Structures are given as C-alpha cells and as structure tokens.
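Remember, it's a predicted structure, so these values are computed and weren't measured experimentally. Residue numbering restarts at 1 for every chain, and letters A, B, ... go by the order of the sequence lines.
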Protein chains: 2
Amino acid sequence: MRYHRSDVVARAISVLDEYGLESLTMRRLATELGVQPSALYHHVPNKQTLLAAVADEILLRGKRPRRAERWDRRVVEICSELRDAMLAYRDGAEVVVTAHTFGLGAGEPAGQLRAALRDGGLSEDVVDVGTRALLHLVFGHTVEEQMALQAASAGAINHAPGGPADFERGLDLVLDGLRARVNG
Amino acid sequence: MRYHRSDVVARAISVLDEYGLESLTMRRLATELGVQPSALYHHVPNKQTLLAAVADEILLRGKRPRRAERWDRRVVEICSELRDAMLAYRDGAEVVVTAHTFGLGAGEPAGQLRAALRDGGLSEDVVDVGTRALLHLVFGHTVEEQMALQAASAGAINHAPGGPADFERGLDLVLDGLRARVNG
DNA sequence: ACCTGAACACCGTTCAAGT
DNA sequence: ACCTGAACACCGTTCAAGT
C-alpha cells in the first residue's frame with residue numbers, strides 16, 4: 001500500500017485517541033500502517049514534526065463558525081472551541097500544548113484572539129499580554145481537565161476542575177481585567 | 001561510595017541545569033554518580049518519582065520570606081517566587097509544570113495562593129477558580145519565557161514574552177478580576 | 001517516489017548475585 | 001542496605017538496497 005503524509009497524520013490521531021500519547025511511537029504507528037518504521041520518514045522528517053501536524057489537524061477538526069458580535073463574547077467562543085477541540089481526542093490537550101510550547105504550528109488560535117482583543121479597542125501592549133494570558137489559561141485548564149477525566153475513567157475519584165462552567169469562570173476573571181482596560 | 005536519596009536528587013538537578021532535561025536520563029545520572037543504572041532504584045522507585053522530587057527541591061531552594069501585608073500583594077509575591085524558582089535552573093519550569101500536571105508534589109504554591117485569596121475575603125468558589133487561573137498563568141508564562149531565553153542563548157532572535165514586567169501585567173489582569181469579586 | 005532490512009545508539013526497569 | 005552485571009523489552013533515526 002502507498003500512503004501520503006495525510007494518511008500518516010490521520011492514523012497517528014487514531015492511535016493517539018485509542019491508546020494514548022505514550023503508545024504513539026513511530027514503531028507502533030508503522031506497525032499500525034503495516035509498514036516498516038523507516039517508511040514513515042518518507043512522509044515526515046521526524047516525530048516532533050509529526051506531532052505538530054497532529055496538533056494542527058486536531059485544531060482543524062474542531063473548527064466552528066464564529067457567531068458572536070461583541071469582542072468579549074468572541075473571545076469566549078474562540079477559547080471554548082479551542083478547549084473542545086483538544087478534549088475531543090485522548091491526550092489532545094497535551095499534544096497541542098506541547099507543540100505550541102515548542103513554537104510549532106497552532107499559531108491560529110493566538111491570531112484569532114489577538115484580532116478579537118484589537119476589535120475591543122485595546123492597546124497593542126494589552127493585546128499582547130491578554131492573548132498570552134488567555135492562551136495559558138485555556139491550555140492549563142484543559143490539560144488539567146483532560147487529566148482528571150482520564151484519571152476518573154480509570155477509577156480514581158478526584159477533585160475535578162469541573163466542566164465548561166469552571167472554564168468560563170476562569171476566562172471571565174481575565175476578561176474582567178481586559179474590559180477594565182478598554183480605552184485605558 | 002554510598003549515596004542517599006538526597007544525593008541522587010541533588011545530582012539530578014545539577015545534570016538538569018548543566019545539560020538539560022533531555023539529557024537527564026537514569027543512565028546518564030548513574031554514570032555521573034559513578035554507579036550502575038540499577039543502583040538508582042534503591043533510592044527512587046522510578047524516574048517519574050525522581051523528577052517529582054527534583055521539582056520539589058527546585059521550589060524549596062527558591063523559597064523566600066513573605067513580606068507583603070495586603071492579600072493581593074502577597075499573591076504577586078508568591079507567584080514571583082514561583083517564577084524565579086523555576087527560572088533558576090535550566091528546564092526548571094518544564095520539570096515543575098510536568099510534575100504538577102501529573103499531580104505529583106508541588107502542592108505548596110497552590111496552598112499558599114488559596115490562603116492568600118481566602119484572606120482577601122473571596123468566596124470558596126472564587127478561591128478555587130482564582131487559584132487555578134493564577135497557577136496556570138504563572139506556569140504558562142514561565143515555561144514560555146524560559147523557552148525563549150534558551151532559544152535566545154542558542155542564537156535565535158524571538159519575540160520574547162518579556163521579563164518580570166510582562167509577567168506582573170498578566171498577573172494584574174487576573175487580580176483585577178479577583179479584586180472585583182471581593183465580597184461579591 | 002516509496003518501501004524494506006538491517007543496523008546504530010540509545011532508553012527505563014528488573015533481578016539474581018555479591019559485600 | 002547498597003551495589004554490580006546482565007538481561008529484557010523497548011525507543012528514534014539512518015542508510016544502502018530494492019521496485
């Protein structure tokens with residue numbers, strides 16, 4: 001069988017979702033595709049790049065239309081989409097956050113947040129600080145939430161971070177600060 | 001030579017600081033101590049536990065006396081100490097954040113933040129949301145900042161997150177939201 | 001262009017045996 | 001109690017050779 005890069009990425013996502021990140025090895029993925037490990041390197045230069053492509057694809061699959069008019073509602077929309085996209089696959093948050101940490105792909109959410117904050121009339125400095133704060137909040141919350149979900153499904157009872165409600169309450173904390181800085 | 005657990009942890013930190021997290025392997029650490037890899041398992045049950053102990057020790061070494069009276073100034077103090085402690089060692093932020101993600105050690109900063117927010121007269125719900133938001137902000141910011149520092153020292157020019165000023169501006173965003181909720 | 005086969009240079013961890 | 005020596009079951013990546 002002959003594969004393309006997109007086949008490799010797609011299969012990587014299904015291995016990730018079914019067996020988790022620790023099982024997503026180049027060798028395991030090759031076996032899953034019925035191919036030698038070395039064959040993967042015709043489609044992808046290395047594992048890091050593959051994981052970045054997986055992160056991008058996870059975000060792409062989670063895309064939704066923008067509905068909100070007000071800038072602060074749009075921020076909530078963007079952040080919720082981001083959270084939902086990451087939660088849709090096992091270890092999705094971990095993969096997306098790691099890729100973002102290493103400066104690979106996943107630059108789109110940041111761009112959309114920046115645009116929303118600029119629409120709100122915030123100064124360029126505040127746009128910078130606010131975008132970073134929002135991203136860190138979404139990433140941190142979602143990694144923690146997914147961790148708790150997986151721990152819970154493995155039998156452990158834990159003081160979970162709570163679902164979308166707790167998420168939006170954290171967001172609102174930062175949004176309050178940002179609203180106070182409009183035309184500041 | 002006969003070692004104790006604390007020797008192993010201390011040496012792990014110096015390997016981390018000098019060669020980075022990717023070089024901190026059990027085998028490398030063993031070589032550094034002049035011992036067989038298997039000998040390490042007399043002091044530590046596995047690598048994950050060792051890394052959690054390293055994270056705790058990094059935070060311990062960064063401890064400073066509390067000076068601030070007002071609860072919101074104390075939050076800044078706690079968060080700044082946390083950031084400085086992680087920045088003090090190469091890949092320190094990565095190690096501390098990973099340990100925290102897996103629910104290992106590093107529970108102290110959360111406890112101190114909770115106490116400060118309670119002193120501010122915030123409701124228990126807001127204390128929960130606020131503590132998590134602050135931790136995610138500090139962790140996210142510091143990992144990003146340390147990444148940029150290391151990239152810069154490796155020659156790359158990058159739109160860095162900025163030093164303590166940008167850090168405190170992000171913190172202030174959340175603190176504004178929290179101040180607005182006192183007796184709310 | 002895409003893949004195989006074989007190798008290189010590593011990992012974390014276990015366990016019988018020594019002192 | 002602490003360590004050695006040897007092994008087990010893996011990794012990511014490279015590269016000559018095949019079709």
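- When each of C/dT14, C/dC3, D/dG12 is scored by its nearest atom to the side-chain atoms of A/H42, the top-ranked nucleotide is C/dC3.
- The separation of C/dA9 from D/dA9, taken at their P atoms, amounts to 23 Å, rounded to a whole angstrom.
- For C/dT4, the OP1/OP2 oxygens have no side-chain nitrogen or oxygen of A/S38 closer than 4.0 Å.
- Taking 4.0 angstrom as the limit, A/H43 places a side-chain polar atom (N or O) nearer than this to OP1 or OP2 of C/dC3.
- Atom pair B/Y41:OH and C/dA16:P shows a separation of 17 Å (rounding to whole Å applied).
- When rounded to the nearest whole Å, the span between CZ of A/R5 and P of C/dA1 equals 17 Å.
- B/R114 has a carboxylate O that lies under 4.0 Å from a charged side-chain N of B/E124, or vice versa, which qualifies the two as a salt bridge.
- Distances from the side chain of A/Y3 to the nucleotides D/dC3, C/dC11, C/dC3 place C/dC3 closest.
- The nearest heavy atom of DNA chain D to A/S23 and to A/A39 marks one nucleotide each, and the one closer to the 5' end goes with A/S23.
- Across the protein-nucleic acid pair, A/L40 atom CG and D/dC15 atom P stand 17 Å apart, rounded to whole Å.
- Of the listed nucleotides (D/dT4, D/dT13, C/dC2), C/dC2 has the atom at the smallest distance from the side chain of A/H4.
- If you take CE of B/M26 and P of C/dT13, they are 6 Å apart, rounded to a whole angstrom.
- Under the 4.0 Å criterion applied to side-chain N and carboxylate O atoms, B/D84 and B/K63 are not assigned as salt-bridge partners.
- One can place CD of B/E22 at 15 Å from P of D/dG12, the figure rounded to the nearest angstrom.
- C/dC3 atom C1' lies 15 Å from atom CG of A/D7, rounded to whole Å.
- Pair assignment for C/dC11: none, as no Watson-Crick or G-U wobble contacts are both less than 3.5 Å.
- Classification of A/E18 and A/R90 as a salt-bridged pair fails, no side-chain N sitting under 4.0 Å from a carboxylate O.
- Between A/R64 and A/E77 there is no salt bridge, since no side-chain N of the basic residue sits under 4.0 Å from a carboxylate O of the acidic one.
- If you take CG of A/L24 and C1' of D/dC10, they are 15 Å apart, rounded to a whole angstrom.
- Under the Watson-Crick or G-U wobble criterion, with both distances below 3.5 Å, D/dT4 is paired with C/dA16.
- Listed nucleotides: C/dT13, D/dG12, D/dC2. Nearest to the side chain of B/R2: D/dC2.
- Contact check, B/Q36 against D/dG5: a side-chain N or O comes under 4.0 Å of OP1 or OP2.
- Using a 4.0 Å cut-off between charged side-chain N and carboxylate O, A/R181 and B/D176 make a salt bridge.
- Between A/K47 atom NZ and D/dT14 atom C1' the separation is 17 Å, expressed in whole Å.
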